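Here the structure comes first, spelled out in structure tokens, and everything after it is commentary.
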Amino acid sequence: TAPDTVLAIDGATGTELWRHAHVLTRGNSSMKMVLALSGGQVFVPTSDLHVIALDARTGQKAWDHTIELSPPATAANRMMFNLRSAPLIAGDKVIQGVTSSAGPGGGFIVALDINTGKEVWRFHTTARPGGPGGNTWNDLPVEKRTGGSVWDQGTYDKDLNLVYYGAGATYDTAPLRNPSATPGVSNDAVYTNSTLAIVGYTGQLQWHYHH
């Protein structure tokens, strides 16, 4: 519930068992959809870009990870990024999508170690210059690439060790309307409006479908 509070309630009586209130490091409480449960822990996305792990029986905090931005953002820009969906538990990883709207560099997905909260891998849903798909952004510098928000929880195929996510649209479309005249450069804006299959262990892209 708001503001960034988790309640545990006895399923038989409705009695409150414990309450954890996350103290925000910036801004106000934003809307979040759901939590994740696994291995006796509750995994909570917060309004200030933290993911925290709580003991499900006691509410005690096991770890608290701050998601940093790349490129680094000012305090105002950081407010453009949010955690709207539940974390996805994939083996020993806690995977969290990030929405970005007009935030510089766009949305992304991070995987955290389920035991420590340490970031294991990161996948940017707006392709980076020099990397795969990086030439599909009209030669825009990374800080001008926006969108690709990850609004919903992904799914996990344990047998294939793949996680599947959807990335949203571009945000500022003006720099993408007219194709670049540079050979080999397009305005397709990969990986926005895409379904992504990502290797759970490594964060490497297995395939994508650009809708």
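Please read all numbers here as calculations on a predicted model, not as lab measurements.
Judged by distance alone, with hydrogens and angles left aside, the side-chain atoms of S194 form no donor-acceptor pair with the main-chain N or O of L196 at under 3.5 Å. In this structure a side-chain-to-backbone donor-acceptor pair under 3.5 Å is missing from R84 to N82. In this structure a side-chain-to-backbone donor-acceptor pair under 3.5 Å is present from S100 to G107. Under a 3.5 Å cut-off, the side chain of S180 and the backbone N or O of V185 do not form any donor-acceptor pair. Between the N135 side chain and the G184 main chain, a donor and an acceptor come within less than 3.5 Å of each other. Remark: side-chain polar atoms of D157 are paired, donor with acceptor, to backbone N or O of D159 under 3.5 angstrom. At least one donor-acceptor pair closer than 3.5 Å links the side chain of R145 to the backbone N or O of A127. A donor-acceptor contact shorter than 3.5 Å is absent between the side chain of R177 and the backbone of N187. A distance-only check finds a donor-acceptor pair linking the side chain of Q153 to the backbone of P87 [under 3.5 Å]. In this structure, T5 contributes its side chain and A2 its backbone to no donor-acceptor pair below 3.5 Å.
Cluster membership check: L69 shares its hydrophobic cluster with V110, using side-chain heavy-atom separations under 4.5 Å among Ile, Leu, Val, Met, Phe, Trp and Tyr. Both L37 and L54 sit in one connected hydrophobic cluster of ILVMFWY residues. Membership requires side-chain heavy atoms under 4.5 Å apart, directly or through other members. No single ILVMFWY cluster, assembled from side-chain heavy atoms under 4.5 Å apart, contains both V6 and L24. Placement of L205 and V120 within a single hydrophobic cluster is found when ILVMFWY residues are connected by side-chain heavy-atom separations under 4.5 Å, directly or transitively. Linking Ile, Leu, Val, Met, Phe, Trp and Tyr whenever their side-chain heavy atoms come within less than 4.5 Å leaves V163 and V94 in two separate clusters.
Here H50 and H65 keep their ring centres 6.0 angstrom or further from each other. Under the 6.0 Å cut-off for aromatic ring centres, Y164 and Y156 do not qualify, their centroids lying 6.0 Å or more apart.
Ring geometry, Y191 versus H208: the interplanar angle exceeds 60°, so the pair is classed perpendicular (tilted spans 30 to 60°).
When side chains are defined from C-beta on, I67 counts as touching L83, because their heavy atoms get closer than 4.5 Å. The side-chain heavy atoms of W137 and L176, taken from C-beta on, include a pair separated by under 4.5 Å. At a threshold of 4.5 Å between non-hydrogen side-chain atoms, the residues T146 and T126 do not count as touching. The shortest side-chain heavy-atom distance between I109 and I95 falls under the 4.5 Å cut-off. Side-chain contact between I198 and Q206 is absent, with no heavy atoms from C-beta onward closer than 4.5 Å. Proximity of V51 to T46: side-chain heavy atoms (C-beta onward) are nowhere separated by under 4.5 Å. The shortest side-chain heavy-atom distance between I9 and T15 does not fall under the 4.5 Å cut-off.
In the model, T195 has a side-chain atom that pairs as donor or acceptor with a side-chain atom of H211 under 3.5 Å. Side chain to side chain, S47 and D4 meet the donor-acceptor criterion of an N or O pair below 3.5 Å.
The two residues V150 and F108 come nearest to each other via the heavy atoms CG2-O, 4.0 Å. Nearest heavy atom pair, residue P129 against residue L140, reads CG-O, 4.3 Å. Heavy atoms only, all atoms of each residue included: S149 and S101 are closest at OG-N, 3.3 Å. Residues T58 and D55 come closest through the heavy atom pair N-OD1, 3.0 Å. Between S85 and Q96, the shortest heavy-atom distance links the atoms O-NE2, 3.1 Å. Contact record, T170 with A189: CG2-CB, 3.6 Å, taken as the closest heavy-atom pair.
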Yes or no on side-chain contact (heavy atoms from CB on, under 4.5 Å) for T125 and T192, after CA distance, side-chain angles and deciding distance? CA-CA 6 Å; T125 50; T192 61; over 6 Å; no
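Annotation: Y171, atom OH; neighbour count of heavy atoms from other residues, nucleotides and ligands within 6.0 Å does not exceed 12. Atom CZ of R122 has more than 12 heavy atoms from other residues, nucleotides or ligands within 6.0 Å.
I52 CD1 to T66 OG1: the interatomic distance, rounded to the nearest 0.5 Å, is 10.5 Å. A distance of 7.0 Å separates CG in D113 from NZ in K93, rounded to the nearest 0.5 Å.
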